[in-house]
Amino acid sequence: MESEALESSIIESTMLGDERGHLTVIEAENTIPFDIKRVFYIYGTLSNIRRGYHAHYKTRQALISVSGSCKVYLDNTKRKTDILLDSPTKVLILEPNDWHEMYDFSSDCVLLVLASHLYDSADYIRDYDKFIEVYGG
Ligand code: T46
């Protein structure tokens with residue numbers, strides 16, 4: 001499987017700016033280690049809501065909380081960790097083999113997601129036992 005050896009990671013992008021305010025650049029070929037095919041953003045999620053609960057077969061993603069903050073729980077069957085996305089400069093490169101759950105959304109959170117593939121519901125593993133079967137070995 002294309003994704004097996006990949007490990008999710010955090011990239012820090014630079015905050016540029018001057019007296020007018022801040023500016024952060026995401027460059028397709030430089031910042032993001034995959035070709036971006038799709039962009040979506042998650043917003044208006046209540047703080048008591050947990051979403052995600054899946055892994056992917058192929059899709060690689062970059063998650064950036066461009067406003068506010070949220071947390072992401074990651075489980076690649078070998079390690080479980082919680083990542084705080086609380087800065088527009090923090091980019092979580094989320095590999096397909098990480099089961100992920102997003103939670104603790106601040107009311108102003110806008111979670112920007114860049115994805116390597118077009119939307120395909122067949123690329124989702126939404127059953128945890130199936131996830132272990134696919135990636136647990
Ligand atoms: C992920 C995390 C970080 C579409 O029709 N097209 C799309 O491109 C997407 C992303 C979603 N949808 C539909 C499918 C559902 O009916 O929008 C609805 C909500 O999607 P979902 O329940 O999958 O949302 P999350 O927050 O659980 O997961 C999303 C992404 O789907 C997923 O790839 O990794 O954000």
Side-chain angles (χ1 to χ4, degrees):
M1 188 163 296
E2 139 188 346
S3 57
E4 251 169 4
L6 298 172
E7 180 75 34
S8 296
S9 60
I10 292 280
I11 293 173
E12 278 291 344
S13 52
T14 306
M15 185 169 74
L16 307 171
D18 50 32
E19 66 283 354
R20 296 169 300 169
H22 306 304
L23 187 155
T24 291
V25 184
I26 302 292
E27 283 191 318
E29 286 164 29
N30 291 330
T31 322
I32 305 298
F34 52 81
D35 289 339
I36 300 163
K37 292 270 175 51
R38 180 167 52 108
V39 175
F40 61 95
Y41 30 98
I42 294 169
Y43 52 99
T45 299
L46 296 176
S47 61
N48 61 342
I49 294 292
R50 213 170 163 100
R51 56 191 299 165
Y53 293 98
H54 60 258
H56 291 276
Y57 288 102
K58 292 187 298 191
T59 302
R60 303 178 74 190
Q61 298 180 104
L63 276 60
I64 307 153
S65 184
V66 293
S67 167
S69 64
C70 69
K71 292 177 184 156
V72 187
Y73 168 75
L74 299 179
D75 169 2
N76 71 359
T77 79
K78 294 171 187 67
R79 65 99 187 83
K80 296 174 171 55
T81 189
D82 291 270
I83 307 281
L84 173 64
L85 294 179
D86 59 350
S87 163
T89 60
K90 208 184 270 190
V91 182
L92 170 60
I93 303 298
L94 175 59
E95 300 297 353
N97 60 332
D98 256 307
W99 180 270
H100 51 283
E101 299 167 18
M102 297 85 77
Y103 66 103
D104 261 7
F105 287 83
S106 64
S107 57
D108 58 347
C109 182
V110 179
L111 182 62
L112 176 68
V113 183
L114 315 175
S116 64
H117 289 73
L118 299 181
Y119 179 71
D120 177 5
S121 60
D123 187 56
Y124 286 65
I125 307 173
R126 293 193 181 275
D127 179 81
Y128 191 78
D129 291 339
K130 178 70 180 172
F131 163 69
I132 295 295
E133 187 186 314
V134 173
Y135 289 116

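Whatever order the structure lists them in is the order used to number ligands and atoms, beginning at 1.
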Heavy atoms only: give me the nearest L74-S8 pair and the separation to one decimal. CD1-CB, 4.1 Å

Nearest heavy-atom pair of L114 and F34: which atoms, and what distance? O-CZ, 3.6 Å

Report yes or no: does D123 contribute a side-chain atom to a donor-acceptor pair with the main-chain N or O of Y57 at less than 3.5 Å? yes

For S65 and L111, work out which heavy atoms get closest and say how close. N-CD1, 3.9 Å

Does any part of the side chain of V134, heavy atoms only, come nearer than 4.5 Å to the side chain of I125, both counted from C-beta? yes

Could you list, one pair per line, each nitrogen or oxygen of ligand 1 together with any protein nitrogen or oxygen closer than 3.5 Å, giving atom names and the distance rounded to 0.1 Å?
from     : atom 1 : to   : atom 2 : distance (Å)
ligand 1 : 8 (O)  : R38  : NH1    : 2.5
ligand 1 : 23 (O) : R126 : NH2    : 3.0
ligand 1 : 26 (O) : R51  : NE     : 2.6
ligand 1 : 26 (O) : R51  : NH2    : 3.1
ligand 1 : 27 (O) : G52  : N      : 3.0
ligand 1 : 31 (O) : Y124 : OH     : 2.5
ligand 1 : 33 (O) : H56  : NE2    : 3.1
ligand 1 : 33 (O) : Q61  : OE1    : 3.3
ligand 1 : 33 (O) : Y124 : OH     : 3.0
ligand 1 : 34 (O) : H54  : NE2    : 3.1
ligand 1 : 34 (O) : H56  : NE2    : 3.3
ligand 1 : 34 (O) : Q61  : OE1    : 3.4
ligand 1 : 34 (O) : Q61  : NE2    : 2.7
ligand 1 : 34 (O) : H100 : NE2    : 2.6

Could you pull out all residues at least two apart from Y103 that satisfy ring-ring contact (aromatic ring centres under 6.0 Å, His included)? none

